[in-house]
2 protein chains.
Amino acid sequence: MDFEYADALNQAIRLLSLRHRARAAALLAPLGLHPGQEALLLELDRTGPMIQAQLADALGCEPPSVTLMTRKLESAGHIRRAPAPSDKRASVVELTDTGRALAARVKELWCALAEETLRGVPAATAAELPALLRTLTANVDTRPARDA
Amino acid sequence: MDFEYADALNQAIRLLSLRHRARAAALLAPLGLHPGQEALLLELDRTGPMIQAQLADALGCEPPSVTLMTRKLESAGHIRRAPAPSDKRASVVELTDTGRALAARVKELWCALAEETLRGVPAATAAELPALLRTLTANVDTRPARDA
DNA sequence: CCGGATTAGTTATGCGCATAATAGTTATCC
DNA sequence: GGATAACTATTATGCGCATAACTAATCCGG
């Protein structure tokens, strides 16, 4: 494959990551959130209480990252952690009331961010974009696939 | 805008970032490089010696990040830093011979990564992908635009 | 039932990114 | 030309991510 094209693609992915994250950071800052934390809140809002290991899987990051993020979100009062009744190793994480309220606000920002991101992109292209990106992601994903 | 779609898009971008970077990390590790550093080497290989401020602009990151990355790459012997003759504030960064050799190997990996990323994607879609991603990036870019 | 393998979570450490604050240099404008 | 503004680079700090090493609990085969 042509290096010019390969570099254009890889660099485009890298820069999109940086800028999209930076924009998300700017939008989330007024809520006192850092990018990455919103994903945790949204996942809890979507799925309900869950184990940290499930969270790590859903967020696509490793357990140590979840440990630190949950600790900070707990300190901020947005989530609550309780020992799992049936497994003394695990701890179930769930949203607090303020966490749920925060998730609602994140949802609005998320819609605004998506609109902003897609400015000038044809509707047909936009409609296929999430699936296309997921294809690319699956192509470079070395994790054990999860079925859901 | 529909939250379902917005979340699908934002999450797809976030996950592509994570996985693409992780895959890049796995490919670069044998070379002793961490993801992000390859961009610096490739930029120097493409453009030649340049000032750190120019590097920060080209890489799309902030000067403090460049300071740390150049320090590590210099310790590894891949780049060289020298005071700029005409400006006592600036320091010019350039590739060493081993750095140039490393950049050549990164180019090969970069081609392989792009091929891997595009597996199963129609050629027509792939051809338009970099431009599409750059459009999305520009849409969320809050930096002062650079002309090049 | 017991001992090895798996699993959940944490700690320690390191990297790339960010922002804020600072020192030294250069440019600009009275 | 001298004060002021703008720029280059650095340090300090913090966050999200990673891997490696460790503890504690659960599971499972003999």
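Only this structure's heavy atoms are used, side chains among them; waters, hydrogens and symmetry mates stay out. Just so we're on the same page: letters track the sequence lines, and every chain starts at 1.
Between the CZ atom of A/R21 and the C1' atom of D/dG14 there is a distance of 13 Å, rounded to whole Å. Distance A/L68 CG to C/dA12 P: 11 Å, rounded to the nearest Å. Summarising the geometry, the separation between CG on A/L55 and C1' on C/dG9 is reported as 13 Å, rounded to the nearest angstrom. The interatomic distance linking A/Q54 (CD) with C/dG9 (P) rounds to 9 Å, in whole Å. Separating the CD atom of A/E62 from the P atom of D/dA21 is a distance of 15 Å, rounded to the nearest angstrom. Taking atom CE of residue B/M50 and atom P of nucleotide D/dT8, one finds them 12 Å apart after rounding to whole Å. One atom, CZ of A/R143, and another, C1' of D/dA18, lie 11 Å apart when rounded to the nearest Å. When rounded to the nearest whole Å, the span between NE2 of B/H34 and P of C/dT13 equals 17 Å.
The residue among B/D87 and B/R71 whose nearest nucleotide of DNA chain D lies closer to the 5′ end is B/D87. When each of A/A90 and A/R19 is assigned the nucleotide of DNA chain C bearing its nearest heavy atom, the one mapping closer to the 5' terminus is A/A90.
At C/dG16, one or more side-chain N or O atoms of B/K72 fall inside 4.0 Å of OP1 or OP2 (strictly under the cut-off). A close approach under 4.0 Å does occur between a side-chain nitrogen or oxygen of A/T67 and OP1 or OP2 of C/dT10. Considering only side-chain N and O atoms, B/S65 lies nowhere under 4.0 angstrom from the phosphate OP1 or OP2 of C/dG16. Considering only side-chain N and O atoms, A/R14 lies under 4.0 angstrom from the phosphate OP1 or OP2 of C/dC17. The phosphate of D/dC15 has neither OP1 nor OP2 within less than 4.0 Å of any side-chain N or O from A/Q37.
Among the atoms of the strands shown, only primed sugar atoms or phosphate atoms (P, OP1, OP2) are found under 4.0 Å from some heavy atom of A/P35. Contact annotation for A/Q52: backbone-only contact, meaning every heavy-atom pair under 4.0 Å involves sugar-phosphate atoms and none involves a base.
Distance from the side chain of A/I51 is smallest to C/dA8 among C/dC15, C/dA8, D/dA20.
By the 4.0 Å N-to-carboxylate-O rule, A/R100 lies too far from A/E94 to be salt-bridged with it. For B/R46 and B/E43, the salt-bridge test passes: some basic side-chain N is under 4.0 Å from an acidic carboxylate O.
Side-chain atoms of A/R89 and base atoms of D/dT26 include no donor and acceptor less than 3.5 Å apart.
Nearest heavy atom pair, residue B/L15 against residue A/L59, reads CD2-O, 3.7 Å.
Atom CZ of B/R81 sits in a crowded spot, with more than 12 heavy atoms from other residues, nucleotides or ligands closer than 6.0 Å.
Residue pairs meeting the salt bridge (Lys or Arg N to Asp or Glu O under 4.0 Å) criterion with at least one member in residues 12-41 of chain B, sequence neighbours excluded, are A/D141-B/R19, B/R23-B/E116.
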